[in-house]
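Numbered from 1 within each chain, the chains take letters A, B, ... in sequence-line order. From a predicted model like this one, the values you see are computed outputs, not experimental measurements.
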Protein chains: 2
Amino acid sequence: MATSITRTKRGKGRDIAAPSRPTQKDIALAAGVSQAAVSLVLNKAETPSVPPATRTRILEVAQELGYRPNHPARMLRSARTMTFACVIPDITNPFYPGLVRGLQTVAAPAGYDVLIFDTDGRPEGEVRAVEWLLQGRADGVVATFFHLRASQLAVLSRNGIPLVRLESQHKPDGPLAIDSVYIDNVEAAAEMTRFLIARGHRRIAMIQAEFGPSQRRAQGYGAVMRDAGLSPDFITDSAYSEESGARAMKRLLERKERPTAVFGASDVLALGAMEAARIAGLSIPNDIAIAGFDDIPVAKLLGLTTVRQPEFDLGALAARTLVRRLLPGGLEAPGKSHELKFEIMKRTSA
Amino acid sequence: MATSITRTKRGKGRDIAAPSRPTQKDIALAAGVSQAAVSLVLNKAETPSVPPATRTRILEVAQELGYRPNHPARMLRSARTMTFACVIPDITNPFYPGLVRGLQTVAAPAGYDVLIFDTDGRPEGEVRAVEWLLQGRADGVVATFFHLRASQLAVLSRNGIPLVRLESQHKPDGPLAIDSVYIDNVEAAAEMTRFLIARGHRRIAMIQAEFGPSQRRAQGYGAVMRDAGLSPDFITDSAYSEESGARAMKRLLERKERPTAVFGASDVLALGAMEAARIAGLSIPNDIAIAGFDDIPVAKLLGLTTVRQPEFDLGALAARTLVRRLLPGGLEAPGKSHELKFEIMKRTSA
DNA sequence: TTCGCTTAGTTATACGTATTACTAAGACAA
DNA sequence: TTGTCTTAGTAATACGTATAACTAAGCGAA
């Protein structure tokens, strides 16, 4: 009868050094109580059925063994992952890190982690994200979907996963646990356009992206232009990237009659445009004025006139909404749309 | 005997609408087989004990019910979370999103998700990160630790969690499953300093942060300065932020004898310095030259001369290292240090 | 003396999966 | 007819936790 001193659990077949954290069972064994007693003491602030003496003994043993709760087991047992998913096109777009930070700032004190899922703004990526969420990996989601419609997202609600969408306009309240936080992009773009017109610009072009919030921004711009008796001038490139912005700008600069101002549907597009203009030897804003949308951190450094969307606050509000949804009974409430205010940041580029 | 048509599982006591995804048991029931058979078919490419007919029947039923594996249950059973943690000071520092992207790009095809944990570069944050990792929430970690030493990180290895550190210099190989990826920060800073001297600068100041890679960069700068018979001029502010950079720059500009060049220990510090210089009415690089370290995306737009650290590649390499570590037996190999090359990006600011 | 209440717990079960060990039925050979 | 081998699965168990349901011992009151 061989006596095994090295307590190698999980070392069933192979006896390789298989590290294994102490469990409640180990604590129970060492403290001479049952596993249930351990669980009770570890989780409840007050334990009527466990007297102080036993309580402290259990806590001491736990401390001594360096016990940490096994998160996966907890998740399974309590059907809570304590994780929020953040589904966005691309974390390298400077708009999103601030949003993520806002999320974390509210989520962390409430005990939730934040997991990032990049879709690249492509339909397949968004479908994969939903697939993934249905595996029960997150308790709630904050997401920007460019392609999926409400009908394709309803499956999340049906599976008890609340969703907060980052939107570009007010959404009507619905019965499902789908909320939204938004900034009135139509009005914001309109106001920026009015500002450019007031500055004396008449030939104003807008650089658009194919999908996403660009649509609403174009709408606001188009309406104001037409109201002012000017003709909207859209130029569309594929993505929200500097390359797209630069490409579009180059096309604009090749025209016989150039615009005097260019409104980028997002800051990264505007930055690409600025870069292209600079390469072409143009001075900003004298030769050509440029405006953007988002107010990413660099916009300030580059003096880009733009529409401020408070990313941090958006993230924080979204997280607060999720936390509330995950309170008991929180899923029953109808979906609501929360508005945050934009601000026109007048800088040197326009 | 009441017949319950609405299949409401989990509805033990309260019969509120408690949505519940189908499990393997449900499939088994519907297909007239055992749960074990379902698990087998769903997970193995070849099932000698399940004939094709039964196999397809099971798969069809699974499809029909919209089955998705329950991730927490899988985690518990297989002791794999299929998650990498990325522990960094702050996702809003523009250096990190690219790193995260590099991580994701390698992790996703291998089946791993990426979770972000911000430490704010503070000791408590780093301790919390380790605590958190010990709960078995991730299979591996990519991390930047400013404060914790190897001895405090060894606990991760002891618990079977491989770690890849982002480092600023070569680390000696050790027996634990702790690898590192690094860029030779000493040499990089030295080369940048030589460049500044070659440009004719003699009074060169360096803006440092209190902790982190700033140390190595200061070392390279200091060595070259002394070799050239110049006296190093350090000015330290707390964090890696624009505010810190601006504050430090303001102090430099208050001096009677101003430096002709300022070397920021990171790009965000350099950007803050640029902004402060501009506010003070100085022209860059005529009145004062500025250099940075990191080559964050905006550096290019602002014409900041800096040291390029390939963030994306660092992330990708770190992820590849982790994936390899998590292959069977991968934890036994000694820790290795991988070097990536920097590049001096000569732009207009210096 | 018996009942009931409190104290201090324990036992049992479930969450959904993966895997090991087992088995019943039939085919075929000796 | 018996024994062996294959086929087609199944039953049982474990992962670590949370919790509902139960109980044994001791004490006071009726």
Taking the minimum atom-to-atom distance to the side chain of [X], which one of [options] wins?
X: B:Ala36; options: C:dA18, D:dA12, D:dC15; result: D:dA12
X: A:Leu76; options: D:dT10, D:dG16, D:dT19; result: D:dG16
X: A:Ala37; options: D:dT17, C:dT10, C:dA18; result: C:dT10
X: A:Gln24; options: D:dT17, C:dA18, C:dG9; result: D:dT17
X: B:Val33; options: D:dG16, C:dG16, D:dT10; result: D:dT10
X: B:Lys44; options: D:dT19, C:dT17, C:dT19; result: C:dT19

Open item on the list: Tell me whether the side-chain N or O atoms of A:Thr23 pair up with the base of D:dG16 as donor and acceptor below 3.5 Å, since no angle test is needed here.
Closed with: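 Counting by modelled atom types and ignoring angles, no donor-acceptor contact under 3.5 Å is found here.
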Task: hbond_proxy B:Gln35 side chain to C:dA18 base (donor-acceptor, 3.5 Å cutoff) - done: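 Result: at least one qualifying N/O pair found.
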Residue-phosphate contact under 4.0 Å: [X] side-chain N/O, [N] OP1/OP2:
X: A:Asn70; N: D:dT17; answer: no
X: B:Ser34; N: D:dT10; answer: yes
X: B:Ser78; N: C:dT17; answer: no
X: A:Ser39; N: D:dA18; answer: yes
X: A:Arg77; N: C:dA14; answer: no

- [ ] Check step by step if side chain to side chain contact (heavy atoms under 4.5 Å, CB included) holds for A:Val130 and A:Phe145.
- [x] CA-CA 10 Å; A:Val130 171; A:Phe145 288 112; 4.3 Å; yes
What's the [atom1]-[atom2] distance between [X] and [N], to the nearest Å?
X: A:Ile27; N: D:dG16; atom1: CD1; atom2: P; result: 12 Å
X: A:Gln135; N: C:dG16; atom1: CD; atom2: P; result: 15 Å
X: A:Leu42; N: D:dT19; atom1: CG; atom2: P; result: 13 Å
X: A:Leu40; N: D:dA18; atom1: CG; atom2: C1'; result: 9 Å

Task: Residue pair B:Leu115 / B:Arg137, side-chain heavy-atom distance below 4.5 Å - done: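 Side chain of B:Leu115 against side chain of B:Arg137, heavy atoms only: no contact under 4.5 Å found.
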TODO: Give a yes or no on whether A:Glu124 atom CD has more than 12 heavy-atom contacts from other residues, nucleotides or ligands under 6.0 Å away.
DONE: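 More than 12 within 6.0 Å, yes.
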- [ ] Have a look at A:Asp179 and tell me which of A:Lys171, A:Arg165, A:Arg325, A:Lys336 forms a side chain to side chain donor-acceptor pair (under 3.5 Å) with it.
- [x]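 The option that passes is A:Arg325.
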Task: Under-4.0 Å salt bridge between B:Arg101 and A:Asp120 - done: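 A salt bridge links B:Arg101 with A:Asp120.
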